Amino acid sequence: LPCLEKRQCPEAEVDARTTGFRTVRVAHARISSSFWRLLLLFLLLTSSHTRPVHAVDYDYPDITLTDIAFGSCHKMKRAQPHLWPMIFQNTTSTTASPQAWLWTGDAIYPQSQLPLATLDELRQAYEDLKTNTTIGYGRFVTQQQPPPLVLGSWDDHDYGANDGGHEVSQQPERAQLFYDFLDLPHPRPTDRNGTYYSVTVGSHDSQRQVKLIFLDTRWHRSPHCIPSVASWFSWSIPRLLAAGVACGTRWISAGLVPVVVFLVDPPLVGGRGRVWDTMDIAGLVPTWCTAKQATATVLGNDQWQWLENEIATSTASLHIIVSSIQVLSTNPAMEGWGHYPQERDKLLHLLLQGPRRVRTLLLSGDVHHGEFLHPNLDGGNGNQDNNHHHDDSGVLEITSSGLTHSCTKGLFGILCVPLLTWFRSHRWRSVRHYYVQRNFGRIHIDWGNDEEEALSSFVTVTIHSAETGEEVLTTGPLSLDDIHNNHHDPNKEWTTAEIAQIVPCLNGHLIHVAYGVMVVVAFLAMYYRGTRNPRGNHKSKRQ
């Protein structure tokens with residue numbers, strides 16, 4: 001305060017003064033000037049080191065990000081020595097060695113004799129992957145010059161329990177092991193319940209900034225409507241059978257449970273019912289599933305608030321959001337956001353109608369195949385005939401899964417292609433945009449020549465064979481400029497009604513099958529009863 005310099009402050013109360021981020025109310029002024037100088041110095045020092053609420057967890061302003069590689073589902077016993085050299089040396093005339101590697105889930109598969117892997121088993125699996133010289137992962141993430149950023153989200157096997165959710169114990173300790181594996185710099189985001197965090201790459205003063213957002217879809221996730229049995233067994237054969245049973249129960253719940261939801265939430269009164277709301281089939285499935293769906297969560301309240309803030313306060317030109325499980329898939333056999341329709345709708349509203357819309361890439365893993373997914377409108381067939389101006393919504397999901405194994409192998413491998421062919425309405429632009437062999441993904445960002453005109457830049461995503469490195473799927477160049485300018489074109493804006501019509505995973509598609517089975521069972525029961533108790537036998541017995 002100026003009067004303190006002359007030691008002439010009045011004894012009356014002095015108005016509130018603001019210093020840095022804090023407000024100091026001086027009550028009565030005969031206070032030494034040295035005290036106030038020390039207080040001012042303290043407040044300035046502490047406020048300069050205090051991060052705003054919306055600060056990202058990691059910031060790399062000196063890197064212009066142009067090339068990223070990503071992938072998931074890496075089994076040590078099936079890993080090939082050529083894989084990691086191929087990923088980090090697979091360059092073309094337009095792409096360079098990746099500056100970042102993003103794990104989209106299941107970096108390890110711990111060899112556990114228990115349904116839930118112990119901390120020691122997880123620690124050993126992470127250590128084996130980093131130190132095994134034959135596989136070479138550790139060498140390529142540490143000896144590349146410059147070394148790539150290694151980031152990622154965990155999934156159920158990193159978590160220690162197949163299909164595991166909030167019921168898993170020792171979550172903080174498991175999270176710490178995952179952070180140690182990624183070798184995230186300190187301080188780490190360990191002050192939250194979950195392994196979610198954000199990273200910005202690129203200068204805040206330029207238009208060449210990318211924001212990476214890593215979600216935790218395990219820590220808070222509620223059980224499925226019919227709880228998964230995939231982690232109930234410890235031996236190999238029962239585990240494989242249990243995983244198949246879990247896929248079947250998810251499929252059944254997706255085909256039958258929505259009927260009750262539609263009955264209690266009909267579209268005529270503003271609800272979300274679509275197909276079966278006029279059918280009187282109450283009691284066909286248990287109503288407890290409806291209650292579970294209404295309260296189920298994927299992220300949990302704290303993570304939702306964090307994510308909304310990350311999107312709202314972002315200054316990046318491109319968002320890359322990593323979710324270990326698929327967001328937009330209509331395939332009911334696999335784990336995904338589609339089994340939690342309220343949560344998926346909330347995410348789509350945030351991305352398609354949020355406070356700041358930019359080009360957003362969703363990266364996912366888990367399913368052991370590669371695929372391009374898009375928020376198509378209900379009734380679409382994957383060719384976009386029914387999606388009109390939403391052919392490119394600005395949100396595109398890319399799944400790359402199976403670095404070491406694919407969905408065509410194993411006990412249920414014969415079902416992979418039929419399921420991908422049948423459940424295709426979520427696919428982007430072509431029903432053929434999937435790949436069932438081992439694969440990894442690449443993202444290339446072309447920022448253009450003029451830094452001030454970065455919004456005319458493009459991003460290209462490709463899926464590559466993990467056998468040869470050959471490009472097998474590509475998005476082609478996607479403009480960043482179109483998404484930024486969507487508010488100038490009303491034909492590209494999503495309405496709430498349209499978001500409600502995005503193809504669901506829970507769609508009651510097994511209702512006709514259930515009716516058919518019920519009719520057949522009733523017919524067989526009547527036939528069996530008739531053969532066991534023919535009318536002639538009754539007459540003969542009376543005589």
Side-chain angles (χ1 to χ4, degrees), residues 58 60 63-72 83-84 86-105 140-141 144 146 148-153 198-202 207-215 314 316-324 326-328 351 358-365 370-374 392-403 428-429 433-435 439-448 454-466 469-483:
Y58 298 102
Y60 299 91
I63 300 176
T64 299
L65 193 59
T66 58
D67 289 279
I68 304 170
F70 63 97
S72 65
L83 174 64
W84 293 103
M86 180 173 59
I87 290 175
F88 283 96
Q89 296 174 358
N90 184 22
T91 60
T92 67
S93 59
T94 58
T95 61
S97 295
Q99 300 161 283
W101 168 259
L102 310 183
W103 284 106
T104 56
F140 279 92
V141 299
Q144 286 287 109
L149 301 174
V150 179
L151 306 162
S153 292
S198 61
V199 181
T200 54
V201 185
Q207 297 294 328
R208 300 184 175 187
Q209 187 184 71
V210 178
K211 187 164 197 175
L212 305 168
I213 298 175
F214 298 89
L215 302 180
S314 173
S317 298
L318 173 66
H319 291 165
I320 298 177
I321 302 177
V322 178
S323 166
S324 60
Q326 288 185 310
V327 176
L328 300 173
L351 299 181
V358 300
R359 169 73 67 182
T360 300
L361 301 178
L362 296 167
L363 305 185
S364 55
E371 189 173 18
F372 292 160
L373 306 89
H374 186 266
D392 182 8
S393 67
V395 175
L396 180 66
E397 182 176 355
I398 302 93
T399 298
S400 176
S401 177
L403 286 166
W428 184 62
R429 290 187 176 175
H433 270 155
Y434 68 88
Y435 182 69
N439 62 87
F440 63 92
R442 291 290 301 266
I443 300 173
H444 174 67
I445 308 169
D446 180 1
W447 293 111
L455 294 185
S456 61
S457 305
F458 298 88
V459 59
T460 303
V461 188
T462 51
I463 300 294
H464 296 257
S465 165
E470 175 187 6
E471 178 186 296
V472 292
L473 295 175
T474 180
T475 63
L478 302 173
S479 173
L480 303 183
D481 184 48
D482 289 345
I483 305 307

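Both backbone and side-chain heavy atoms feed into the values below; hydrogens, waters and symmetry mates do not. Computed from a predicted structure; not experimentally measured.
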Participant: So L361 and I398, do their side chains get closer than 4.5 Å, heavy atoms only?
Facilitator: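 Touching, per the 4.5 Å side-chain cut-off.
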Participant: Which pair of non-hydrogen atoms, one from V461 and one from F372, has the smallest distance, and what is that distance?
Facilitator: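 Residues V461 and F372, closest heavy atoms: O-CZ, 4.0 Å.
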Participant: I'd like to know if the side chain of S153 and the backbone of G105 have a donor-acceptor N/O pair within less than 3.5 Å.
Facilitator: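 The answer is no, because no donor-acceptor pair under 3.5 Å joins these two groups.
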Participant: Would you indicate whether the side-chain heavy atoms of H444 and D446 approach each other to under 4.5 Å?
Facilitator: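 Result yes, sub-4.5 Å side-chain heavy-atom pair found.
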Participant: What closest approach, in Å, do I445 and L65 show between heavy atoms, and which atom pair accounts for it?
Facilitator: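 Scanning both residues completely, I find the closest heavy atoms to be CD1-O, 3.6 Å.
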Participant: Looking only at heavy atoms, what is the nearest atom pair of G71 and W101, with distance?
Facilitator: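 Scanning both residues completely, I find the closest heavy atoms to be N-CH2, 3.4 Å.
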Participant: Would you please test V459 and I443 for side-chain contact (heavy atoms from CB on, under 4.5 Å) and show each step?
Facilitator: CA-CA 7 Å; V459 59; I443 300 173; 3.6 Å; yes
Participant: Which residues pass the side-chain contact (heavy atoms from CB on, under 4.5 Å) test with V199, not counting sequence neighbours?
Facilitator: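 Result, side-chain contact (heavy atoms from CB on, under 4.5 Å) vs V199: Y58, Y60, L151, Y197, V201, L212, F214.
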Participant: With sequence neighbours left out, write down each residue that passes ring pair (Phe, Tyr, Trp, His ring centres under 6.0 Å) with Y434, or none if nothing qualifies.
Facilitator: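 Here no residue qualifies.
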Participant: Please list, chain by chain and in numerical order, all residues satisfying side-chain hydrogen bond (donor to acceptor under 3.5 Å, both in side chains) with T475, sequence neighbours excluded.
Facilitator: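 Partners of T475 under the side-chain hydrogen bond (donor to acceptor under 3.5 Å, both in side chains) test: none.
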Participant: Please identify each residue that fulfils side-chain contact (heavy atoms from CB on, under 4.5 Å) with T474, with sequence neighbours left out.
Facilitator: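 Only T460, T462, E471 meet the side-chain contact (heavy atoms from CB on, under 4.5 Å) criterion with T474.
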Participant: Identify the heavy atoms of I68 and P98 that sit nearest to each other, and give their distance.
Facilitator: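 Minimum heavy-atom separation between I68 and P98: C-CB, 4.1 Å.
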Participant: Can you tell me how far apart CZ (R208) and OG (S457) are? Round to the nearest 0.5 Å.
Facilitator: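 Rounded to the nearest 0.5 Å, the CZ-OG separation comes out at 6.5 Å.
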Participant: Do L362 and V395 have side-chain heavy atoms sitting under 4.5 Å apart?
Facilitator: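 Yes, their side chains come closer than 4.5 Å.
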Participant: Not counting sequence neighbours, which residues clear side-chain contact (heavy atoms from CB on, under 4.5 Å) with T200? List them please.
Facilitator: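 Residues passing side-chain contact (heavy atoms from CB on, under 4.5 Å) with T200: V56, D59, H204, Q209, K211.
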Participant: Among all residues two or more places apart in sequence or in another chain, which pass the side-chain hydrogen bond (donor to acceptor under 3.5 Å, both in side chains) test with S314?
Facilitator: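 S314: side-chain hydrogen bond (donor to acceptor under 3.5 Å, both in side chains) contacts with H319.
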Participant: Return the CD1 to CZ distance between I87 and R442, rounded to the nearest 0.5 Å.
Facilitator: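 I87 CD1 to R442 CZ: 9.0 Å, rounded to 0.5 Å.
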Participant: Could you tell me which residues satisfy salt bridge (Lys or Arg N to Asp or Glu O under 4.0 Å) with E371, sequence neighbours excluded, listed by chain and number?
Facilitator: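 Expected list: R427.
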Participant: Just to verify, what does W103 make a side-chain hydrogen bond (donor to acceptor under 3.5 Å, both in side chains) with, not counting sequence neighbours?
Facilitator: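 For W103, the residues satisfying side-chain hydrogen bond (donor to acceptor under 3.5 Å, both in side chains) (neighbours in sequence not counted) are Y137.
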Participant: Donor-acceptor pair, distance only, cut-off 3.5 Å: does the side chain of Q99 make one with the backbone of T64?
Facilitator: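 The answer is yes, because a donor-acceptor pair under 3.5 Å joins these two groups.
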Participant: Test your reading of the model: is there a side-chain donor-acceptor pair from S324 to the backbone of T104, 3.5 Å cut-off?
Facilitator: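 Absent.
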Participant: How long is the straight-line distance from CG of L83 back to CZ of F140, given to the nearest 0.5 Å?
Facilitator: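 F140 CZ to L83 CG: 10.0 Å, rounded to 0.5 Å.
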Participant: Locate the shortest heavy-atom distance separating R359 from S479; write the atom from each residue and the value.
Facilitator: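 That closest heavy-atom pairing would be NH2-O, 2.9 Å.
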Participant: Where is the tightest heavy-atom contact between S364 and E397, given as atom of each residue plus distance?
Facilitator: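 Answer, listing the atom of S364 first, then E397: OG-OE2, 2.7 Å.
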Participant: Determine whether I321 and L351 make a side-chain contact, defined as any pair of heavy atoms from C-beta on separated by less than 4.5 Å.
Facilitator: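 Side chain of I321 against side chain of L351, heavy atoms only: contact under 4.5 Å found.
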Participant: To the nearest 0.5 Å, tell me how far I213 CD1 sits from T360 OG1.
Facilitator: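 OG1 of T360 is found 8.0 Å from CD1 of I213.
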Participant: For I320 and F70, run side-chain contact (heavy atoms from CB on, under 4.5 Å): C-alpha distance rounded to whole Å, both residues' side-chain angles, the deciding distance at 0.1 Å, then the answer.
Facilitator: CA-CA 11 Å; I320 298 177; F70 63 97; over 6 Å; no
Participant: List in chain and number order the residues that pass side-chain contact (heavy atoms from CB on, under 4.5 Å) with S401, two or more places apart in sequence or in another chain; answer none if no residue qualifies.
Facilitator: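 Residues passing side-chain contact (heavy atoms from CB on, under 4.5 Å) with S401: S72, C73, V367, H368, T399.
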